[in-house]
Colleague: 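Here it is, the structure in full.
Start at 1 and go down the list; that is how both ligands and their atoms are numbered.
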Amino acid sequence: MQFETEPSISDKLRRRFLNSKRVLVLTGAGVSAESGVPTFRGGGNSAVWKGMPFEVISSAQVVEQDLPAVWEWFDYRRDLLQVLNPNPAHNEIATWQDRFSEFTLVTQNIDGLHHKAGSREVIELHGSLWRVRCVSCYARFEILSSRPRADACPDCGDPVRPDVVLFGEILPAGAFEQAAAAAANCELCFVIGTSGLVYPAAGLPEIAHVAGAFVCEVNPEKTPLSALCDELLMGRAGEVLPLLSRLGSDSRTTTGRVATRTS
Ligand code: OAD
């Protein structure tokens, strides 16, 4: 997709960005696309694993029937991720935790790249590829890339599974509630790199919108959430987000390679 060079960030967004104290960011697979992580709905190598679509191999049912196959798939994904690095979008978002006095980062991604970029507190709605959880006692453990992951729970000895939310499973206790409370309380909400198709995550921008926040979407394509957004920054997150940090030092409207629409 081509993006025209034109004034990209509206005065309204600029004012909100410079003056807001309470900011919420929701990210999806698109924020990691420029790091080389395939998105779910944009095609890519990991959408199918040994003939099984990702929603089948990543399902609660397969965990019950064939845990080793699930591990094989998640170990494969972790191996791919191990060598990937955060991109300018992750880095930019990481700086926002010190810019805004109440900043909440919510991600649907399980790749850990926000943490790798330096984001300290991340609400991981769909869990993390870098954690395991005991199937019996629910104890959680980090996976250290330097050693083989554990097969059994060090506390009770039962098998461990990836600590990710699979199709047919519910979100980690409290995670969505915490994100929803921040959405209801924020002044500015960014929706970055998500197709907006998977709920309840996709409901967060709507909560923010209904509560009166200014909602800005960053995505090369329109999504079902675009209609409720106050501003669309149509472009790649790694190119668009760094434009925002320049707003602090430049009082003029920023120019960049993105198309905008304001309401
Ligand atoms: P999707 O793969 O559904 O959507 C990715 C979005 O990122 C699309 O809207 C793309 O247009 C956009 N995009 C692509 N490249 C981009 C870039 N460089 N910058 C910004 N945006 C870009 O991914 P999600 O919305 O995250 O859940 O998917 C939501 C959930 O569906 C996932 O967390 C996963 C999946 O089922 C579970 O596994 C539980």
Side-chain angles (χ1 to χ4, degrees), residues 1-3 8 25-49 52-63 70 73-74 77-78 81 84 86-93 105-114 122-129 131 133 161-172 175-176 179 190-206 216-227 229 231-244 256-260:
M1 182 181 289
Q2 294 292 315
F3 301 103
S8 61
V25 170
L26 170 68
T27 64
V31 82
S32 297
E34 289 154 88
S35 294
V37 183
T39 60
F40 293 92
R41 293 172 185 85
N45 293 332
S46 70
V48 172
W49 168 248
M52 274 190 271
F54 70 87
E55 63 270 33
V56 175
I57 184 67
S58 297
S59 69
Q61 207 183 357
V62 179
V63 166
V70 172
W73 156 240
F74 279 97
R77 290 174 72 183
R78 228 180 30 258
L81 265 175
L84 301 183
N87 66 59
H90 298 105
N91 295 337
E92 177 66 24
I93 293 167
L105 173 57
V106 185
T107 190
Q108 299 166 85
N109 299 345
I110 60 174
D111 56 30
L113 287 174
H114 284 302
V122 187
I123 301 178
E124 294 177 314
L125 287 179
H126 295 164
S128 172
L129 266 174
R131 274 194 315 269
R133 150 173 124 230
R161 53 158 284 177
D163 188 22
V164 299
V165 176
L166 303 173
F167 284 88
E169 295 186 323
I170 54 170
L171 301 191
F176 182 75
F190 286 96
V191 190
I192 304 169
T194 177
S195 57
L197 294 171
V198 176
Y199 281 79
L204 293 170
E206 189 170 358
C216 174
E217 179 173 66
V218 180
N219 199 311
E221 293 172 11
K222 286 198 178 178
T223 74
L225 298 175
S226 304
C229 291
E231 182 145 343
L232 310 181
L233 297 179
M234 294 192 69
R236 287 180 282 270
E239 294 172 5
V240 171
L241 294 183
L243 297 175
L244 287 160
R257 193 167 148 267
V258 291
T260 63

Colleague: Report the part of E34 in contact with ligand 1, treating N, CA, C, O as backbone and CB onward as side chain, heavy atoms under 4.0 Å; options are side chain, backbone, both, neither.
Modeller: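 Side chain only.
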Colleague: Can you see which heavy atom on F176 is nearest to which on L204, and at what distance?
Modeller: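 Between these two residues, the closest heavy atoms are CE1-CD2, 3.5 Å.
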Colleague: Can you give me the closest heavy-atom contact between E34 and G238, atom names plus distance?
Modeller: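 Scanning both residues completely, I find the closest heavy atoms to be OE2-N, 2.9 Å.
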Colleague: I want to know if ligand 1 touches T223 in the polar sense, i.e. an N/O pair below 3.5 angstrom.
Modeller: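 There is no such contact.
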Colleague: Measure from atom 30 (C) of ligand 1 to every heavy atom in V218, N219, V198 and give the option owning the shortest one.
Modeller: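 Shortest heavy-atom distance from atom 30 (C) of ligand 1: V198.
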Colleague: Can you check which of P220, A33, G196, S195 brings a heavy atom nearest to atom 22 (C) of ligand 1?
Modeller: P220
Colleague: Should F40 and V198 count as side-chain neighbours, where that means a heavy-atom distance under 4.5 Å?
Modeller: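 Not in contact.
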Colleague: Could a heavy atom of L197 be found less than 4.0 Å from some atom of ligand 1?
Modeller: no
Colleague: Show which atoms of ligand 1 fall inside a sub-4.0 Å distance from at least one heavy-atom site of G28.
Modeller: 26 (O)
Colleague: What atoms of ligand 1 come closer than 4.0 angstrom to any heavy atom of A237?
Modeller: 17 (C), 18 (N), 19 (N), 20 (C)
Colleague: Backbone or side chain, does any N or O of F40 fall under 3.5 Å from an N or O of ligand 1?
Modeller: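 Yes; the residue has a nitrogen or oxygen that sits under 3.5 Å from a nitrogen or oxygen of the ligand.
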Colleague: Quick test of your reading of the structure: of S32, A89, S35, G193, whose heavy atom lies closest to atom 5 (C) of ligand 1?
Modeller: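 Checking each option, the heavy atom nearest atom 5 (C) of ligand 1 is found in G193.
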Colleague: Using a strict 4.0 Å cut-off to heavy atoms of F167, name the atoms of ligand 1 that fall inside it.
Modeller: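 Checking each atom against F167, I get 36 (O).
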Colleague: Check if S58 has a non-hydrogen atom at a distance under 4.0 Å from any atom of ligand 1.
Modeller: no
Colleague: Counting each atom of ligand 1 from 1 as listed, which ones have a heavy atom of A29 under 4.0 Å away?
Modeller: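 Close to A29: 23 (O), 24 (P), 26 (O).
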Colleague: What are the two closest heavy atoms between V56 and V62, and how far apart are they?
Modeller: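 In this case the closest contact between V56 and V62 is O-CG2, 3.1 Å.
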Colleague: Of the non-hydrogen atoms in S128 and E124, which two are nearest, and what is the gap between them?
Modeller: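 Nearest pair, atom of S128 first, then E124: CB-OE1, 3.6 Å.
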Colleague: Who gets closest to atom 33 (O) of ligand 1 by heavy atom: E239, M234, H126?
Modeller: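 The residue whose heavy atom sits nearest atom 33 (O) of ligand 1 is H126.
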Colleague: Ignoring hydrogens, what is the shortest heavy-atom contact between A201 and L26? Give both atom names and the distance.
Modeller: O-CD2, 3.6 Å
Colleague: What are the atoms of ligand 1, with element, lying closer than 4.0 Å to any heavy atom of V165?
Modeller: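 Matching atoms, with element in brackets: 39 (C).
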Colleague: Is it true that the side chains of H90 and S32 contain a donor and an acceptor less than 3.5 Å apart?
Modeller: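 Side chains of H90 and S32: pair found under 3.5 Å.
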Colleague: Do the non-hydrogen side-chain atoms of T194 and T223 ever get within less than 4.5 Å of each other?
Modeller: no
Colleague: Rounded to the nearest 0.5 Å, what separates atom CD in E217 from atom NZ in K222?
Modeller: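 Rounded to the nearest 0.5 Å, the CD-NZ separation comes to 9.5 Å.
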